[in-house]
Amino acid sequence: MKNTLGILLTYPGDNSDLRELLQHRSVGTLPFGGRYRLLDFNLSNMVNSGIGKIGVMSSSKFSSVIDHLGTGKEWMLSRKTGDLAILKGSSSTRIGEQLKINLRDLIDNIGYLQKFKGDTVVMAGSNLVTCYDFNEPYQIFKKNDADITLIYRENEPDFHSLSNDLFLTLDGHRVVKIDRFHERESENKFVDMLIIKKSVLMQILESAENSGEWDMMDIIADNLTSLKVFGALHTGYINRVTNVERYYTANMDLLDYDILKELFMTNRPIYTKIKDNHPTLYGDDAVMSNCIVGSGANLDGDMDHSVVFREVTAEEGSKISNSIIMQKCSIGKNVKLDHVIFDKECVIRDNATLIGTKDDPIILSKATII
Amino acid sequence: MKTECVAMLLAGGQGSRLGSLTFNNAKPAVLFGGKYRIIDFPLSNCMNSEIDTVGVLTQYRPYILNNYISDGSAWALDKPGAGVRILPPYMGQKGGRWYAGTADAITQNIDFIDSYDPEYVLVLSGDHIYKMDYSEMLQYHRDKRANLTIAVMEVPWEDASRFGLVEVNNDNRILGFQEKPENPKSNLASMGIYIFDWKELRKALLEDQDDPLSEHDFGNNVIPALFEEGQRIFAYPFSGYWRDVGTIQSYFDANMDLLDDSIDFDLTDKNNPFFSNNFSRHPQFIGSDAEVKDSLICDGCVIFGKVEHSILSHDVHVDENVVLKNCIVHTGAVIGDGAILENCIIGTNGRVPADARYIADESDNPSEIHVLNS
């Protein structure tokens with residue numbers, strides 16, 4: 001996929017219940033799985049599929065994207081054979097608008113698209129948890145000389161649906177109808193990943209400017225007879241983080257070793273920003289069961305069924321279960337935590353107790369002190 | 001170009017006393033404390049001492065070491081006009097040959113050092129675990145107007161005869177040397193860390209090169225020659241943690257020191273970290289029936305069994321029903337279902353079969369260390 005440009009789409013998530021975790025970031029840079037950010041998945045998937053030129057769309061909270069990606073070295077995108085651009089997304093989305101793919105983001109970066117000399121563009125959401133090879137849909141795209149290939153899932157009951165989600169009606173591989181959630185005629189759900197000819201993308205951008213229709217997917221849905229649109233079925237593990245419930249379950253899914261293996265132990269590694277931390281030190285009083293743990297942590301408590309990020313400390317007598325504890329949190333002696341999500345750098349003093357539930361976990365925003 | 005002090009790190013040793021840990025790997029590249037390699041300690045010390053030009057002298061199985069040091073960016077040694085350079089033996093117009101001794105390794109790289117036009121050369125070993133600010137030693141060297149300064153530490157009198165010892169006067173000027181003597185006259189042991197005035201060292205190296213009887217060794221030839229000439233040679237007293245990890249036992253003990261709270265040498269001290277070269281791995285996974293305590297564990301490990309008082313490098317797989325106690329496990333090793341291991345070192349990519357037993361029982365020497373390699 002050498003002549004392909006990757007665009008990682010932004011998902012602001014401001015209107016979801018994730019807002020406490022999104023004060024300084026968009027969903028793509030939400031910390032995930034002990035050491036990652038959500039956008040690491042599709043960024044790595046693109047790199048591992050052979051896409052060497054990638055633009056990451058960012059929202060107004062772009063500093064977290066820049067801080068995480070840096071020069072792109074960890075994704076091998078700071079070399080003569082690859083490069084990374086951080087694109088500033090449009091800030092002109094109107095309130096109440098629920099665009100699937102906002103063409104204003106692309107119009108604002110038209111120079112970047114024009115400069116790209118290849119013929120194919122891959123777009124993918126930055127909030128998807130999956131280890132995926134874009135060469136699979138690319139084969140369908142090439143074989144059928146398609147204008148667009150949309151990646152979809154069949155019958156996904158757990159996949160939280162948004163009102164702007166799209167469902168594909170297929171004739172063979174060909175997409176013949178695209179419906180919104182409430183009018184859907186099939187359970188083939190578009191999962192925010194697609195391949196498009198660059199020339200077709202440029203035409204769509206031109207028509208958007210003329211017509212004022214800003215949702216790329218609406219334009220595609222309206223032109224299914226003139227455009228050759230195909231579907232490609234995604235079959236492996238996938239999760240899409242759109243709210244707290246999805247964020248929590250996607251993290252907890254990693255505690256299932258089979259899912260962990262599928263995501264991280266393949267020949268397509270998921271890259272992330274590297275920290276030169278010491279190995280995690282487990283103390284004499286540590287009691288560990290079914291956890292994911294990042295490096296540089298110092299753990300002396302009882303931890304069960306939890307995701308523990310880099311550089312977390314937990315002192316003796318602390319008991320943590322069913323929780324997500326982000327980087328550099330510090331948990332004091334005899335603290336009891338169940339069903340909590342702590343953003344980075346929270347400090348919980350000795351003897352505190354915080355108990356949430358699966359449906360309503362306790363969320364602490366960054367650097368909260370209790 | 002002018003650099004005040006160039007560090008030369010002697011990393012050529014085979015380290016044969018480390019047995020199978022150095023079959024494919026030079027001693028300085030042997031894993032230590034989980035993710036680190038022995039050479040991380042002197043390189044991190046260089047970084048923390050603002051010494052930014054380091055030559056690494058290497059000739060025994062250098063591939064892993066070269067690959068690991070890479071461009072030096074892991075230790076912030078990738079500065080223009082400075083940096084870390086791997087210096088293997090090479091051919092010149094008059095031919096070439098392997099490094100014949102520690103001093104010869106420097107002699108063969110006089111051009112490298114000259115290109116930085118330094119005042120001082122810091123000579124380091126690649127097989128010691130310690131934390132030291134070399135800039136303080138350099139200041140001491142200047143203050144004493146020394147031609148050569150040797151870092152020394154007090155060792156227990158009963159162990160003194162295992163070391164190279166120095167005798168000093170009240171001003172710490174060195175009055176004599178004893179190499180592993182039967183009857184030690186001093187308990188100040190040389191740590192193998194030297195600061196030379198480059199002009200004096202350069203002259204001494206060229207003289208040593210022409211001496212057919214010389215072994216071209218710092219300790220046996222070059223330093224005694226400087227001493228005979230009456231050069232100002234001083235001892236720099238050091239009192240922190242320092243271990244030579246040249247044998248299996250000392251390597252094992254120094255690793256286990258990292259788990260001992262009473263020993264003042266701590267990898268987890270974030271104010272004074274050691275640095276290493278890392279690449280991306282998944283986080284540690286700990287299964288439902290696992291037990292993990294009193295251990296250091298690196299990214300990429302998967303643990304289903306019991307791990308106690310052990311150090312696991314990257315990507316170690318500990319299967320169900322395994323018991324690991326007092327073990328050091330190197331990168332990529334797989335411990336099969338039901339294996340019970342005590343006091344073991346498991347080499348890189350080692351495979352321990354299911355139900356293997358290496359336990360110290362009464363008939364065994366309880367402190368015997370088993371080294372298991374694939």
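Side chains included, hydrogens not; waters and symmetry mates left out as well; all remaining heavy atoms used. Each chain gets a letter, A, B and so on, in the order the sequences are listed, and its residues count up from 1.
When the heavy atoms of residues 314-334 of chain A are compared with those of chain B, none of the residues falls under 4.5 Å. Residues from residues 297-304 of chain B that place a non-hydrogen atom less than 4.5 Å from a non-hydrogen atom of chain A comprise I297(B), C298(B), D299(B), V302(B), F304(B), given in numerical order. Annotation: residues 28-40 of chain A contacts chain B through G33(A), R35(A), Y36(A) [non-hydrogen atoms, separation under 4.5 Å].
Both the backbone and the side chain of D284(A) come within less than 4.5 Å of a heavy atom of chain B. Using a 4.5 Å cut-off between heavy atoms, M303(A) makes no contact with chain B at all. There is no contact between L263(A) and chain B, counting heavy-atom distances below 4.5 Å. Heavy atoms closer than 4.5 Å to chain B are found nowhere in K261(A), neither backbone nor side chain. Neither the backbone nor the side chain of I311(B) comes within less than 4.5 Å of any heavy atom in chain A. Neither the backbone nor the side chain of L299(A) comes within contact range of chain B, judged by heavy atoms closer than 4.5 Å. The contact between S73(B) and chain A is made entirely by side chain atoms (from C-beta outward), counting heavy-atom distances below 4.5 Å.
Within 6.0 Å of CG on D289(B) lie no more than 12 heavy atoms contributed by other residues, nucleotides or ligands. Within a 6.0 Å sphere centred on NZ of K306(B), other residues, nucleotides and ligands contribute 12 heavy atoms or fewer. Within a 6.0 Å radius of CD in E262(A), other residues, nucleotides and ligands contribute more than 12 heavy atoms. Within a 6.0 Å radius of CG in D256(A), more than 12 heavy atoms belonging to other residues, nucleotides or ligands are found.
For chain B, the option among K273(A), K275(A), E311(A) with the highest count of heavy-atom pairs below 4.5 Å is E311(A). Ranked by heavy-atom pairs shorter than 4.5 Å toward chain B, the options F264(A), Y271(A), Y257(A) are led by Y257(A). Ranked by heavy-atom pairs under 4.5 Å with chain A, the first of S313(B), S295(B), G34(B), G287(B) is S295(B). Taking chain B as the reference chain and counting heavy-atom pairs below 4.5 Å, the highest number among A286(A), C291(A), A297(A) is found for C291(A). Ranked by non-hydrogen atom pairs under 4.5 Å with chain A, the options P273(B), S276(B), A290(B) are led by S276(B).
The CG atom of L267(B) sits 12.0 Å away from the CG atom of N277(A) when rounded to the nearest 0.5 Å. To the nearest 0.5 angstrom, R281(B) atom CZ is 9.0 Å from I274(A) atom CD1. For the atom pair NE2 (H278(A)) and OH (Y36(B)), the distance works out to 7.0 Å, reported to the nearest 0.5 Å. Put simply, CG on L281(A) and OG1 on T268(B) are 6.0 Å apart, with the number rounded to the nearest 0.5 Å.
Of the possible donor and acceptor atoms, one in the side chain of S289(A) sits under 3.5 Å from a partner among the backbone N and O of S288(B). No side-chain donor-acceptor contact under 3.5 Å links K293(B) to the backbone of M288(A).
Pairs engaging residues 322-338 of chain B under the side chain to side chain donor-acceptor pair (under 3.5 Å) rule: Y251(B)-H330(B), H309(B)-N326(B), N321(B)-D337(B), N326(B)-N343(B) [sequence neighbours left out].
Considering every non-hydrogen atom in both I292(A) and P283(B), the closest pair reads CG2-CG, 3.4 Å. Here the closest non-hydrogen pair linking D276(A) and F275(B) is OD2-CA, 3.1 Å.
Looking at Q284(B) and Y282(A), their side chains do bring a donor and an acceptor atom within 3.5 Å of each other.
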Is there a side-chain contact (heavy atoms from CB on, under 4.5 Å) between I286(B) and N290(A)? Walk through the geometry before answering. CA-CA 5 Å; I286(B) 295 166; N290(A) 199 207; over 6 Å; no

